[in-house]
Every structure is written in structure tokens, then in C-alpha cells.
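Some notes on the structure that comes next.
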2 protein chains.
Amino acid sequence: MARAARRKATIYDIATAAEASASTVSLVLNGTWARYRIKEDTAHRITEAAKTLGYNVNLTARGLRLSRSGLAGMILPHYRNRFFADLAEAFESEARQRGLCPIVVSTQREEAVEATVTRTLLAQRVEFLFITGVPNPEPLDRLCASATVPCVNIDLPGPGAPSVVSDNRAGARHLTNIMMEKVLRRGGSLEAFLYLGGVAGEYATDTRVAGFVDALRTKDIEPGPQSLALSGYPPGNARDALASYYDRHGRLPSGLFINSIAAFEGAIEFASRLPAAELEEFVACCFDWDPFAACLPFDVTMLRQDVETMMERAFDALKPEPQEDRPLVLVPAVLAGRKAAEL
Amino acid sequence: MARAARRKATIYDIATAAEASASTVSLVLNGTWARYRIKEDTAHRITEAAKTLGYNVNLTARGLRLSRSGLAGMILPHYRNRFFADLAEAFESEARQRGLCPIVVSTQREEAVEATVTRTLLAQRVEFLFITGVPNPEPLDRLCASATVPCVNIDLPGPGAPSVVSDNRAGARHLTNIMMEKVLRRGGSLEAFLYLGGVAGEYATDTRVAGFVDALRTKDIEPGPQSLALSGYPPGNARDALASYYDRHGRLPSGLFINSIAAFEGAIEFASRLPAAELEEFVACCFDWDPFAACLPFDVTMLRQDVETMMERAFDALKPEPQEDRPLVLVPAVLAGRKAAEL
DNA sequence: CGCGTTTGCTAAATAGATTTAGCTGTAAAA
DNA sequence: TTTTACAGCTAAATCTATTTAGCAAACGCG
């Protein structure tokens, strides 16, 4: 216990202990010793010494020598919903399978943070960077390009790098179709549909709205601007937008398309204050999944984005041959949760 | 555009471009040049060259030289609930404020993963490691100790390192008191309380159960083993445990104490299949918060663990003087969400 | 002029690993 | 006979940034 807080052991310490050179230690510890025909006895002495000294390789030194950090970077807005949480975990799992150490950093959707975090990750020499949920990834793509670090845009695409996104349009169409069917079966009106949340001009929102409109048009309904409440990300905005709709119409929409889970938080904040009877009269859907949201006391259909496949595609996009022919990869989303089973 | 994919610029490239030595470049780029009386003109030439070459410091090289990686490590089970998600974000924010790059890695509650991830982070030379949600952190604490890397146990404590946890007992007592009051006001029975979820023998569960028991005893009720369904973490287990209680008693418990959000997921899976009337007859609480869970169609009180304060305390525990006098820091949890406002 | 100080900068050591070239001698292949 | 392969290992170069010791020129002062 005497001098417990001494320096960490290095290959030089092992070399001394095992009476060999540092190079030999390196070769042995890297398992390349067979190729370099080092005597089994020597190898054994070295591994023993390493164990005794509690040796742990210094990846900083290795990284410097090899110009490979062994780090895989990803930035995302936050972890507070299942989409990003699952995305982060899928990323970690894929990175680890490839022998890389994942670094995931959240940026709270702040442009300044996005830029500084990207710069830091590039300075840490991450071997590539996944950029998730950034409305305009182009400046970040440029930063990566100037550092010659490959990157992929996820969820929100950009022209500066290969991009992987959910098939928003098809998914939204599907969700809307399901809502329409349900409303028709109840004898409700398709005219009173509302799209809630998201940001106009942003790829994900625009493509989902397009799918929503696609579906309604098949029933000869042309949703006007009053059917679109693109209130942004903050839950409070969605709550207020829904409250305002309720005030204007004296009731909830017959079909509510919720852009994403953040808007859902706001919607439910308002809706849960209404009498139970009113909730039974409407149908909702959300382009995201959450286990609790799926159990709320009204009819809600949720779509789960296929984050595992998205991650696989993102790693594919890193491969040597740049797939110039398909810089934008669409991944279908899947129905999820309790209500999905009933369909 | 000719030779775009060349090597990244180093201080040597800048030295060549600015006709100075690498040392001067380093001094200038680190802002220490005033102290080393380097001419303003030289400094200017160097910063210009750095900008032109798109220089970005190599933190791997710096880390090797300084024996400081600038990395802050944390492991946690997953990101899929607000507790861990918020913890991760609080950690990132605190780490960044200290000029460190946060590395958070999830371990899926698998011991093997916990060990290998810890080893990897130590090899990356993180400056310290926060160990979160690990039932038995001791082996990991030992790994850190043998690498002379400070660590802190969070959420689940251990004797091997300073620990920071929520004040589970006081929080559980508080929640139970609230439930008892509500049940009494409704004229219900305090005998039919159930504690659901958690793992017997695990610190968090045991201390929460203790608080639950504390509160009931003040009303002269001694909860027996039939009042404790410590079904573990998987939501499915909690669902089945609650279903089994329902089968045996023909109704839900009058007061349901849910150990954590994971068990809540299972509970709601079962409960949401019951008729609405049954849900109105019972009261629940949970030692965790979730925005959707708080809006479910029955009376639920949620406690939010104060992750921001927990993180502050964890960083405090890193300070030079080891606070041997209080190796276990208790952080009070706070009532949260919609129902909290009604109290 | 001589001695000491200040200015402005650089050479060299250092951090901990990886990898290539090479040491010396023998035996097999060309 | 010459070349090559092999044995088992090590010295030395390399990766990039930091930091200290110290050099040369200019300057000050009596």
C-alpha cells in the first residue's frame, strides 16, 4: 500500500521486468509475436510481467503512432426520447463491434454547441463522425471535410455528405391512412385532421407533411394551412397550438398527426386535462414511438423509426467506394407498440 | 481541389509556412506567447498560417505529451429513460464546462460489457470515471484504482469509491405518505399496498422499500412479503407480477409503489388493458419521472431524482482532499410533473 | 570596452507506443 | 557458389505537441 499512486505501467516497465526490449513486448502484447517468431518462453515471461504490473495499453500513444484513434464520434440533440436514445445505443453497439470506442455527445440543438463539439471531436481525431438531428449539417460536413474525416448525416440530410433518413413520406402516408380508416369506421369526418409539431422548411417535417397530404388527397381532401400547426420542437409550443385549435373549433381534431415525440409531450399535456369522453372521440398517430405514450387513454398509432437499420446503412456509407449513386438512403419505419398489434 | 485528401496540417507545417520553429508555433497557438515575449508580428504570421492551413490541434499528441487526455468517462446501463438520459446530459454539460470531452458509454446492464468498457475507457486514459447504475461496482472500482484513475459510483453505491445516490429512503417515505393520504381521503384501505419492481438485495431497492415500510408503520401497518413484488428490471416481469397480484386479489392494489420507470413500463402494459373504472380506484407512485407516464389516466405521483445536483456532488467527490468523512452523498429527490403541481 | 540584462526565438528532450531494418549464423534452394 | 530463408531478438525511427534550457543579438550602464 506504501506507494500506491505511482505511474501507470508502460511497455518499458514490462521490458525491464521480463528482461526483453520494448519492441518485443509490443509484438507479444499485440499477438503478432507468432509472425515475428518470438520464443514461446519469452512471450510467456512478457505476458506474465504485464499481468503482474497490471498493464493496460495507452491508446493515446498507440493512436499517435498509428494515426488511428480508435474513436467513433456521433453528435445528437439529446437523449430524452426513444428515437435518439435507441440511435445512440445502436451506434455504440455497432462501434464496439468494430473495435472502436464510441463517443456520443449531445448538443441540445444549439448551433454553437454543434460547432464546438464537432471541432473537439475532430481534434480528438475520431475516425468518422455521424451527425444526427442537425437541421443544417452543411457547415459541420465542411468541418469534417477539411479535416478529411468521413461523416454521415442522419435523420436530417444534407448535400455535404451521404445521408441516412427514415422514409418519412411513406411512413406518414401509412399513418394517415390508418387514421382515416379508423375515423371512417367511426363515422367521423376526414375534414378535421390536424398535423401538429415540426418545423416548416425542415426536411423531416416537410416530407412527413407531404405523406400526410398524399394520403388525404386519395380521399379528395386538400388540407389547407389551417390543418398544419408546425409549432416547432418545444413541447410547450405544441400544447399551445393544440389548445388554440381546440378553442377555435370547440373540439379536438378527428385525426391528429403528431410530427414527433417532442410535440406529443405538449399535445398530451393539453389533452390529459380534457374529460375522458372527449379523448374517446379522436384518433391520433405519431411519427415516433414511446412505451408510455402508446398506453394513453385514446387511440394512438405509433411508428418506430428503424434505428438499427439506419445505423447499419450509416456504417455502410462509410465504406471505401463512395456510393455516389445513392447519397440519400431511405429506411422504412415500422409500426410499434400496443396499438400496432391490433391492426 | 487537386490533392484534397492530404494529411492533416501539423505545427510543423505551420512552422514551415510561417518561417518559424515548431516550438514557437506551439507557444503562439497556446496563447502563452506573451509570457515568452514573442513578437506580435511573428505571432500574427503564425496564426494566419494556421488559419490558412485549416489547422486543428491533435489532442492525441497533446494528451500523450501532457499525460492528460482531456477525456471524462461515464458508464451507465442505457439511455432509455429520463433518469439516465438526464444524468448523461448533466454529465456532458458539467464535463464541457471543465474543458473536458465527455465519453458516455452504455453497458446494457451486462457485467462483461461493464468490465470491457471500463478497461477501454481506462486505456483511453479518461481522467476519471463515473460508474452509474452498476449493482456491484467494486470490481470496476478496483480496475480504476489499479490504473490510478479516480472514480465515483452513482445511483448504486459501493465501498470501493465515493458514492452519490438519491435519498431513496426519504423519497420513498414521502411518496408513500402521499399515497396513504390520498387513499384515506377516498376512504380506501391502507392494507392493500403493493411495492412493485426492483431487485431484492440491491441498494436502491432496499432503501426504497425501507422508506415504503417506514411510512406504513406510522399507520401501524406492517407490510409482509406479499406486499413486495421485487420483480427485477425487465418490464415484462413487472407486468406479470402485477397481473398475478390482480388474479389473486381480484383487483388492483389500493396503493401501488413502483420502484422505477422500467417497472412502470410493465405495470402500465397490464393496467392499460383494464376498464377505465378500475384505474380510477387506485393510486400509484413511482420513484422516477416520465412526462408521458405522468399523464396516464389514473392518479400517479412521480418523483424526479435531482440529477443535476447528483452530478455536482459527483464532481465534488473528485476534488483533491478525499472527503473521507462522507463517502456516501445523499441527494434529495423532488416531486415532478403534472400531479406534483396538484399537491 | 566590458559586463550584465533583455529580447526573440529555437534545438532537443519528452510522452508511450508501433514497425522496419538489421544483427549473426546456419541450412536449404537456386 | 550464390541467394534466400530463418532463428529470435533489438535499435532506431516515427507519430505530434509541449516545455525547458539556452543561444545570439541588441541594449544599458559606468
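Throughout, protein chains are lettered first and strands after them, A, B, ... in sequence-line order, and every chain is numbered starting at 1. These values consider heavy atoms only, across backbone and side chains, with no hydrogens, waters or symmetry-generated copies.
- Within 3.5 Å, a donor on the side chain of B:Arg65 pairs with an acceptor on the base of C:dT14, or the reverse.
- Residues A:Arg125 and A:Leu71 form no side-chain contact, since every pair of their non-hydrogen atoms from C-beta on lies 4.5 Å or further apart.
- For D:dT18, the OP1/OP2 oxygens have no side-chain nitrogen or oxygen of B:Tyr12 closer than 4.0 Å.
- Between the side chain of A:Thr52 and the backbone N or O of A:Glu48 there is at least one donor-acceptor pair closer than 3.5 Å.
- The shortest distance between the side-chain N/O atoms of B:Asn30 and the OP1/OP2 oxygens of D:dT18 is below 4.0 Å.
- Taking the side chain as every heavy atom from C-beta outward, B:Glu92 and A:Val105 approach each other to under 4.5 Å.
- Counting to the nearest Å, the C1' atom of C:dT19 and the CD1 atom of A:Ile11 are 11 Å from each other.
- Relative to the side chain of A:Ala61, the nucleotides D:dT18, C:dG16, D:dT16 differ in distance, and C:dG16 lies closest.
- Ranked by how close their nearest DNA chain C nucleotide is to the 5' end, B:Leu64 and B:Glu19 are led by B:Glu19.
- Comparing atom distances between the A:Ser26 side chain and each of C:dT19, C:dG8, C:dT10 picks out C:dT19 as nearest.
- Atom P of nucleotide C:dG8 and atom CD1 of B:Ile46 are separated by 14 Å, given to the nearest angstrom.
- A:Leu66 comes within contact range of the sugar-phosphate backbone alone, with a heavy-atom separation under 4.0 Å but no base atom that close.
- Between the CG atom of A:Asp13 and the P atom of C:dA15 there is a distance of 11 Å, given to the nearest Å.
- Rounded to an integer number of Å, the gap from B:Asp41 CG to C:dC9 C1' is 13 Å.
- If you take NZ of A:Lys8 and C1' of C:dA17, they are 15 Å apart, rounded to a whole angstrom.
- You'll find that the side chain of A:Leu27 is closest to D:dT10, out of D:dA17, D:dT10, C:dC9.
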Are B:Glu127 and B:Arg98 close enough, and set up right, to give a side-chain contact (heavy atoms from CB on, under 4.5 Å), and what steps lead you there? CA-CA 12 Å; B:Glu127 300 189 10; B:Arg98 288 164 170 79; over 6 Å; no

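- Looking at B:Ser23, its side chain comes within 3.5 Å of the base of C:dA11 through a donor and an acceptor atom.
- Across the interface with DNA chain C, nearest-nucleotide mapping of B:Arg125 and B:Arg45 shows B:Arg45 to be the residue nearer the 5′ end.
- Per the geometry, CZ belonging to B:Arg68 stands 16 Å off C1' belonging to C:dT14, to the nearest Å.
- Taking the six-membered ring for Trp and the full ring otherwise, the centers of A:Tyr79 and B:Phe84 sit at least 6.0 Å from each other.
- When distances run from any side-chain atom of A:Arg62 to the nucleotides D:dG8, C:dA17, C:dG8, the shortest one goes to C:dA17.
- Atom CG in B:Leu29 sits roughly 10 Å away from atom C1' in D:dA17 (whole-Å rounding).
- Not one side-chain nitrogen or oxygen of B:Ser21 sits closer than 4.0 Å to the OP1 or OP2 atom of C:dA11.
- In this structure, B:Thr42 reaches the sugar-phosphate backbone alone: every heavy-atom distance under 4.0 Å involves primed, P, OP1 or OP2 atoms, never a base.
- The side chain of B:Thr10 lies closest to D:dA17, out of D:dA17, C:dA17, D:dT10.
- At D:dT16, none of the side-chain N or O atoms of B:Tyr55 fall inside 4.0 Å of OP1 or OP2 (strictly under the cut-off).
- In this structure a side-chain-to-backbone donor-acceptor pair under 3.5 Å is missing from A:Thr132 to A:Ile154.
- In this structure, B:Lys39 places its NZ atom 12 Å from C1' of D:dA25, rounding to the nearest Å.
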